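Data first, discussion second: the structure below is written as structure tokens.
Being a predicted model, the structure only gives us computed values, none of them experimental.
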Amino acid sequence: KKAIAGNPSYALNYLYLAQIELYNHDYVAAKKSIDRFNDLNGYTKESAEIGLLINHSLGNSTEIEKYQHVLETQFKTRV
């Protein structure tokens with residue numbers, strides 16, 4: 001969080017924070033962090049996979065479908 005405060009436009013800090021929050025089962029915070037990463041950086045395969053995991057944990061079917069679509073179309077990953 002200190003790294004984000006020092007440079008709020010550095011996208012990777014949000015990806016790392018989302019991973020930590022996911023590990024700590026703080027899914028609402030993890031969703032905000034991964035959404036911010038994707039806003040700043042665009043989707044990566046890793047961010048889409050993390051987003052899918054987060055939204056599965058939250059039971060958010062609309063977001064699950066979005067991330068499945070991203071993985072299938074942009075990264076040719078079957079989910």
- State, with a plain yes or no, whether a side-chain heavy atom of Leu17 is found less than 4.5 Å away from one of Asn13. no
- Query: Under the 3.5 angstrom rule, does the side chain of Asn60 hit a backbone N or O of Glu63 as a donor-acceptor pair?
  - Reply: yes
- Query: Can you check whether Gln74 reaches Lys45 side chain to side chain, under 4.5 Å on heavy atoms?
  - Reply: no
- Please check if atom NE2 in His69 has more than 12 non-hydrogen atoms from other residues, nucleotides or ligands closer than 6.0 Å. no
- Message: When you compare the side chain of Asn41 with that of Thr44, does any pair of heavy atoms fall below 4.5 Å?
- Response: yes
- Task: Keeping the roles fixed (side chain from Thr77, backbone from Phe75), state whether a donor-acceptor pair exists under 3.5 Å.
- Result: yes
- Mind checking whether Pro8 and Tyr14 have side chains closer than 4.5 Å, heavy atoms only? yes
- Task: Indicate, with yes or no, if Ile20 and Phe37 share a hydrophobic cluster defined by side-chain heavy-atom contacts under 4.5 Å among Ile, Leu, Val, Met, Phe, Trp and Tyr.
- Result: no
- Note on the structure: Output for pair (Ile54 CD1, His25 NE2), nearest 0.5 Å, gives 12.5 Å
- When rounded to the nearest 0.5 angstrom, what is the spacing between CG in Leu40 and CG in Leu15? 11.5 Å
- Task: Taking atom types as modelled, find out whether Ser9 and Asn7 have a side-chain donor-acceptor pair closer than 3.5 angstrom.
- Result: yes
- Query: Do side-chain atoms of Ser33 reach the backbone of Ala29 as a donor and acceptor pair under 3.5 angstrom?
  - Reply: yes
- Reported CG-to-NZ distance for the pair Leu58 and Lys31, which is rounded to 0.5 angstrom: 7.5 Å
- Task: State plainly whether one hydrophobic cluster holds both Ile4 and Leu12, where clusters connect Ile, Leu, Val, Met, Phe, Trp and Tyr through side-chain heavy atoms under 4.5 angstrom apart.
- Result: yes
- Task: Kindly check if the number of other-residue, nucleotide or ligand heavy atoms within 6.0 Å of NZ (Lys66) is above 12?
- Result: yes
- From CA spacing to verdict: side chain to side chain donor-acceptor pair (under 3.5 Å), Tyr67, Asn38: CA-CA 11 Å; Tyr67 280 108; Asn38 290 328; 3.2 Å; yes
- Measure the spacing between CG of Asn55 and CD of Gln68 and express it to the nearest 0.5 Å. 10.5 Å
- Can Ile34 be reached from Tyr10 by stepping across I, L, V, M, F, W or Y side chains whose heavy atoms are under 4.5 Å apart? yes
- Task: Side-chain contact test, heavy atoms from C-beta onward, threshold under 4.5 Å: evaluate it for Asp39 versus Arg36 and give yes or no.
- Result: yes
